Novice: 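Handing you a structure now.
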Amino acid sequence: MSKIHEGYLLIADITGYTRYLSDSELEHAQDTLTALLELLVENTRSPLVISRLAGDAVISYGLRENFFLGQTFIEKIEGTYAAFRKALERLVLNNTCRCNACANISNLDLKFFVHYGTFGIQHISDHDELVGSDINLLHRLLKNSVTEKMGLGAYALYTESAIQQLNVEDLVEGMTHHSETYEHVGEVKVYVQDMHPVWERMRSASAIEFPTNRLLDQSEVHINLPPERVWDFIIQPQFRNTLIGSDRMEITNRASGRIAPNSVYQCYHGDKVIPQTILEWQPFERMITREVPAILPSLRVLVEYRLDPVDGGTKLTKSVAEMTGPLLHRIVLVLMSPFFSRFGRRMMEQFAREIEQVARAQGEMQNDIAGITETEIRHAAAASLNLIGDAQE
């Protein structure tokens, strides 16, 4: 009997898949679907673990004791959708073939289904098979009335239990409260997020040009965790305290419950309150803040926190640039920069050790991306093609 676990369940399901295959030349369709499945696999990282591929879908899970913050998880899903839409655009723009498979690429889209519950994990051959009534419920949610009633082609559906466990009740303002009823289950309350506005927002977002030609300091550290996990720690006040050397920290000016541009980390250094105002927020990639040096509160500096994936983890780079304020105080800060630089590097190294230790203590599971090979992805796509072919005969 498999051990019973408690945690999060996710299905990323390609929309329009069956119709796309029915109207397409199967050889080119397989190439397209393989590329899209590879993208979904690449975007499913620790603490999410891939259970298996199911033709047009990637099924994954994450255990309660070492999961993302609620906002981080929602932004991970949003980021995956944006990556999927960018991939579709590239496939369309770079395509010169006139077959139906290539012409119909733009009709594909993506849906997400998120639930929280209990489940067993049975190790079968080359994958983890998830079992239990909550797994059955998640699969039943794939058949719903969302498109019929709301007209949505791409969406993220969260069950009420997932929203409550993620503790993101303040973040559902842009979602639609909905319910589905199933035989032997009854009413299931869900929240539905339309993904098209997410894509439009992320596609049109402008990036701040960080003044690298006016750097005051730059330091980096290697962390043995993927960028998603490092980001999840770096935005939490209790760990951010270590990174910048403050006593405690609070977050103010959230946007609809989210940390976002114009939110402020209020950092306490003894009896001094030093604000860090977020100017740019690119989850899992970079954050730019306008900060006040604790020793010279008359000054303002720009600080970039950049996360780059590297072999075995993440390179976190902190860059400080562009002072504004009284000239004398700017000169003093430049003269003191070697001291601040050494202090900053110590804090970054301590931050890296701390979050790696926390991850180990939580039993962090590294998702073995290498275990899902390109061959297996192509086989999953081919299996779906065979099913469609059989249905057409």
Side-chain angles (χ1 to χ4, degrees), residues 1-15 17 33 36-68 70 72-74 76-77 80-81 84 110-144 146 155-166 180 182-186 188-191 226 228-229 362-373 376-377 379-381 383-384 387:
M1 182 176 179
S2 59
K3 179 182 177 181
I4 300 301
H5 300 273
E6 190 170 340
Y8 302 87
L9 304 164
L10 169 65
I11 296 179
D13 180 55
I14 298 176
T15 303
Y17 178 85
L33 293 166
L36 295 176
L37 284 172
E38 285 176 344
L39 182 148
L40 294 181
V41 167
E42 173 61 25
N43 278 271
T44 308
R45 295 176 179 159
S46 178
L48 284 168
V49 178
I50 293 176
S51 166
R52 63 184 176 92
L53 307 182
D56 58 346
V58 176
I59 303 170
S60 58
Y61 63 95
L63 301 186
R64 178 187 63 179
E65 53 267 26
N66 65 330
F67 205 64
F68 290 127
T72 303
F73 184 46
I74 289 176
K76 180 58 184 170
I77 287 178
T80 300
Y81 183 73
F84 183 89
L110 190 61
K111 298 174 184 175
F112 301 90
F113 300 85
V114 183
H115 181 45
Y116 179 86
T118 58
F119 51 92
I121 303 176
Q122 295 180 348
H123 300 286
I124 300 176
S125 184
D126 58 351
H127 71 277
D128 292 338
E129 185 69 29
L130 307 180
V131 296
S133 59
D134 282 304
I135 302 298
N136 296 335
L137 171 59
L138 181 67
H139 284 279
R140 295 187 75 171
L141 286 169
L142 295 173
K143 304 294 184 181
N144 59 65
V146 171
Y155 55 83
L157 182 152
Y158 298 85
T159 63
E160 189 173 55
S161 61
I163 291 293
Q164 291 174 349
Q165 189 64 32
L166 288 166
E180 297 285 345
Y182 299 99
E183 186 179 5
H184 307 306
V185 175
V188 181
K189 295 180 180 180
V190 300
Y191 290 85
E228 290 85 349
R229 288 300 280 153
Q362 291 176 342
E364 181 82 12
M365 297 180 300
Q366 295 297 323
N367 190 5
D368 186 10
I369 294 295
I372 307 293
T373 66
E376 289 173 313
I377 294 172
H379 285 168
S384 295
L387 289 175

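Treat the numbers as computed from the prediction; the structure is a model and nothing was measured.
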Novice: Compare every heavy atom of R64 with every heavy atom of Y8, then report the nearest pair and how far apart it is.
Specialist: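 Heavy-atom minimum between the residues: CE1-CA, 4.2 Å.
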
Novice: State the NE2-NE2 distance between H139 and H115, to the nearest 0.5 angstrom.
Specialist: 11.5 Å

Novice: Rounded to the nearest 0.5 Å, what separation is found between the CD1 atom of I59 and the CD1 atom of I50?
Specialist: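 The distance works out to 10.5 Å.
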
Novice: Are any of the side-chain heavy atoms of V58 and I11 separated by less than 4.5 Å?
Specialist: no

Novice: Enter the distance from F67:CZ to T72:OG1 here, rounded to the nearest 0.5 Å.
Specialist: 9.5 Å

Novice: To the nearest 0.5 Å, what is the distance between CD1 on I135 and CD on E129?
Specialist: 8.5 Å

Novice: A side-chain contact here means heavy atoms from C-beta on lying under 4.5 Å apart; do L53 and V41 qualify?
Specialist: yes

Novice: Which pair of non-hydrogen atoms, one from T80 and one from L39, has the smallest distance, and what is that distance?
Specialist: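 Looking at all heavy atoms of both residues, the shortest contact is O-CD2, 4.4 Å.
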
Novice: Please work out whether the ring planes of F73 and F68 are parallel, tilted or perpendicular, with thresholds of 30° and 60°.
Specialist: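 Parallel, since the angle between the ring planes stays under 30°.
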
Novice: In Å, rounded to the nearest 0.5 Å, how long is the span from OH of Y158 to CG of L10?
Specialist: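 CG of L10 is found 8.5 Å from OH of Y158.
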
Novice: Taking salt bridge (charged side-chain N to carboxylate O under 4.0 Å, His left out) as the test, write out the residues that go with R140, two or more places apart.
Specialist: none

Novice: Of the non-hydrogen atoms in A57 and D13, which two are nearest, and what is the gap between them?
Specialist: CB-OD1, 3.8 Å

Novice: Minimum heavy-atom separation for D134 to Y116, with atom names?
Specialist: OD1-O, 4.4 Å

Novice: Is a side-chain donor or acceptor of K76 paired with a backbone partner of N43 at a separation under 3.5 angstrom?
Specialist: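 Side chain of K76 to backbone of N43: a pair is present.
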
Novice: At their closest point, which heavy atom of S46 faces which heavy atom of P226, and how far apart are they?
Specialist: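 Smallest interatomic distance, heavy atoms only, reads O-CG, 3.8 Å.
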
Novice: Check the side chains of Y182 and N136 for a donor-acceptor pair under 3.5 angstrom, ignoring hydrogens and angles.
Specialist: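 Side chains of N136 and Y182: no pair found under 3.5 Å.
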
Novice: Would you please classify the geometry between the F112 ring and the Y81 ring as parallel, tilted or perpendicular, with 30° and 60° separating the classes?
Specialist: perpendicular

Novice: Are F119 and L138 packed together at the side-chain level, in the sense that at least one heavy-atom pair is separated by less than 4.5 angstrom?
Specialist: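 A side-chain contact is absent here, since even the closest heavy-atom pair is not under 4.5 Å.
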
Novice: Applying side-chain hydrogen bond (donor to acceptor under 3.5 Å, both in side chains), can you list everything that pairs with Y191, at least two apart in sequence or on another chain?
Specialist: none

Novice: Closest heavy-atom contact between A12 and L110?
Specialist: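 For A12 and L110, the tightest heavy-atom pair comes out as C-CD1, 4.3 Å.
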
Novice: Taking the side chain as every heavy atom from C-beta outward, state whether N144 and V190 have any pair of such atoms under 4.5 Å apart.
Specialist: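 The answer is no; the side chains never approach within 4.5 Å.
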
Novice: Going from CG on L48 to CG on L9, what distance comes out if it is rounded to the nearest 0.5 angstrom?
Specialist: 10.0 Å

Novice: Begin from the C-alpha positions of I121 and L130 and carry the test side-chain contact (heavy atoms from CB on, under 4.5 Å) through to its verdict.
Specialist: CA-CA 5 Å; I121 303 176; L130 307 180; 3.8 Å; yes

